[in-house]
Amino acid sequence: MPSALVSPGTVFTLAVGLAAALAYLSFMWRALQRAIRVRDEADVGEDRFQRSFIGAVVAVIGSASAIAAYGLAPSFLYLGPALALLSTVAVAFCLRQEGVDG
Amino acid sequence: MAAQGHGLLSVTRGDAATGFGVTLALGLLTATIAGQEYWQLAWGLRKKDVSRTFLWAGAWFYPIPICIGLLGLVGISLNVDLKGQLGGDAAAVGPYLISHLGLPSWIVLAYVVVVLSACYSVIDSAFTAISSVFVVDVIKPLAPRANERALLVWAKVPMVLAAIIAAVVVLTGADFVTIVLTSYAIRTAILVPLVLALFWSRVTGAGFVWGTIAGIAVGMPVRSHYGELWGSLTILATSSLVPVALGLLNKSRYDFTQLRRVRDATATEGDTREEATPAASQPIAG
């Protein structure tokens, strides 16, 4: 019989996920508002991606390491959900930058 | 998971790669490079944001399938019967587990919302892409004087047709994994011809088209006889050899800079936009 209760670990994961999701939505909303504000402005500026490239390398290495770690011990399976939460935070951070960039 | 043996999740095991991993990886790579929806995003972004956006969004997508894929591992550890309990469709393991593990109803509902959101996200991207291609590459050349209102109506036609075709495919009863692997194997045929068209000035239109057709015509029978790995590799090799061979025979070079002088294909009569926005055409010589 299903219960409405879940384990403390699940509650913690859900709480972190909910906080990350709220931050994501908040920053996305700000980025959207800014995109609407500046959509008629001239398309100028250099393609900047150095910091993003470092972030992408971290993401790829983290994901590859997580998959490799699965084979070491079953407890490493929790790396997957942890990385998924981190990815939400990372994209929220990118949206935050988008909302305040000049 | 530990009870299933130490070798089950080892990255040194090759059966996952040969069974579906190579086909899936090539298909996903092709989907990103050739997908009209991604090109529309690239053209819609400001120049200074293109690399940054794709690096962040692309790289940080990796953990999502890694996380969702855990449900498959949970299914293995619980000895879920693929044929008996999932009807032979391995992709059903997620919904099956979520609804049979005794989880609270609100978690099951949250899972349904997540899955539907992911589905709608992909569907609306596909609809936008297909309607854009149809209007720009079919309707505009046939009816260059069509006004915005008429184009809007025409844009809805391919969406309805695509939805009907998708519904028919689903109603055939083919399992999801088979549909995905087959479509990914077919789309792999366009990977190398498209990359060559973007970066090699000697590629011809004939090389692109025949490379894609030959890749499918030769590779799909190989796939049906020898499995995913050899099928995908044959598609990749054949679709590479044909455009390269025809390109080497081609003496002329395509001038990529002329794309900057192409008139916006979406511009209507009286529109003064002259700056290039190559909304559909790819740089293929010949």
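Chain letters run A, B, ... following the sequence lines, proteins first, then strands; residues in each count from 1. Note that these values count all heavy atoms, side chains included, but never hydrogens, waters or copies made by symmetry.
Contacts of B:Ile68 with chain A are absent, with no heavy-atom separation under 4.5 Å from either backbone or side chain. Neither the backbone nor the side chain of A:Val57 has a heavy atom closer than 4.5 Å to any heavy atom of chain B.
Taking non-hydrogen atoms and a 4.5 Å limit, the residue list of residues 119-129 of chain B in contact with chain A is empty. Using non-hydrogen atoms only and a strict 4.5 Å limit, the part of residues 78-94 of chain A facing chain B consists of A:Gly80, A:Pro81, A:Leu83, A:Ala84, A:Leu86, A:Ser87, A:Ala90, A:Val91, A:Phe93, A:Cys94.
Annotation: ring pair (Phe, Tyr, Trp, His ring centres under 6.0 Å) contacts of A:Phe76 (sequence neighbours excluded): none.
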Table please: side-chain donor-acceptor pairs of residues 89-97 of chain B below 3.5 Å, with sequence neighbours left out.
residue : atom : partner  : partner atom : Å
B:Asp89 : OD1  : B:Ala91  : N            : 3.1
B:Asp89 : OD2  : B:Phe176 : N            : 3.3
B:Tyr96 : OH   : B:Gln85  : NE2          : 2.8

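Options B:Val108, B:Ile64, B:Leu70 differ in how many heavy-atom pairs under 4.5 Å they form with chain A, and the most are formed by B:Leu70. For chain A, the option among B:Cys67, B:Gly69, B:Ala110 with the highest count of heavy-atom pairs below 4.5 Å is B:Cys67.
Here the OG-CH2 distance, from A:Ser52 to B:Trp60, works out to 11.5 Å after rounding to the nearest 0.5 Å.
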